[in-house]
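As structure tokens, the structure follows; a few thoughts come after it.
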Amino acid sequence: MTLPQLLLLAVAALAATLGLPMLTAPAIVRRAFGWGRTPQSVYILRIAGMMLTALGLILATFTTLFWWATG
């Protein structure tokens, strides 16, 4: 695997690592940032968490498939 592919996998892992707690446990993330509990904050954190987790999974999948395809 080349250096750009490894860097892209690192970015994918970072995005998924940041997004997963936002998606699964928004209360913990709210407490960590000191935000109050509002109905909008739950939706915002879940949507942002879903987008970051999906970005990480998509980047990791495309990078791995490209690596397998090119040898």
Side-chain angles (χ1 to χ4, degrees):
M1 192 172 273
T2 64
L3 181 62
Q5 291 170 337
L6 289 174
L7 290 175
L8 192 56
L9 278 178
V11 170
L14 178 66
T17 302
L18 291 176
L20 203 56
M22 293 169 65
L23 177 63
T24 58
I28 296 171
V29 175
R30 268 197 332 264
R31 271 187 258 127
F33 286 113
W35 296 339
R37 179 176 168 81
T38 62
Q40 295 87 0
S41 68
V42 175
Y43 290 114
I44 289 168
L45 286 173
R46 290 203 183 228
I47 290 170
M50 175 66 97
M51 291 170 63
L52 282 171
T53 304
L55 174 68
L57 290 173
I58 289 169
L59 288 176
T61 301
F62 284 156
T63 304
T64 305
L65 289 176
F66 182 76
W67 176 54
W68 284 347
T70 58

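The model shown is predicted, which means the values in this text are computed figures rather than measured ones.
When the side chain to side chain contact (heavy atoms under 4.5 Å, CB included) test is applied to T24, the partners found at least two apart in sequence or on another chain are L20. For A27, the side chain to side chain contact (heavy atoms under 4.5 Å, CB included) test picks out R30, R31, with sequence neighbours left out. Among residues two or more places apart in sequence or in another chain, the side chain to side chain contact (heavy atoms under 4.5 Å, CB included) test is passed with L55 by A15, L59. With sequence neighbours excluded, the residues forming a side chain to side chain contact (heavy atoms under 4.5 Å, CB included) with L9 are M1, A60, T63, T64, listed by chain and number.
We find the CZ-CD1 distance between F33 and I28 to be 13.0 Å, quoted to the nearest 0.5 Å. Of the inter-residue distances, the one linking F66 atom CZ with T61 atom OG1 reads 15.0 Å to the nearest 0.5 angstrom.
Hydrophobic cluster membership differs between L52 and I47, with clusters built from Ile, Leu, Val, Met, Phe, Trp and Tyr side chains linked at under 4.5 angstrom. L18 and V29 fall within the same hydrophobic cluster, defined by Ile, Leu, Val, Met, Phe, Trp and Tyr side-chain heavy atoms under 4.5 Å apart, directly or through other members. Cluster annotation: I58 is not connected to W68 through the hydrophobic network of ILVMFWY side chains, with a link wherever side-chain heavy atoms come within less than 4.5 Å. There is a path of hydrophobic side-chain contacts, each under 4.5 Å, that joins L45 to L14.
Residue pairs meeting the side chain to side chain donor-acceptor pair (under 3.5 Å) criterion with at least one partner in residues 33-53, sequence neighbours excluded, are T38-S41. A ring pair (Phe, Tyr, Trp, His ring centres under 6.0 Å) check over residues 12-32, counting only residues at least two apart or in different chains, returns nothing.
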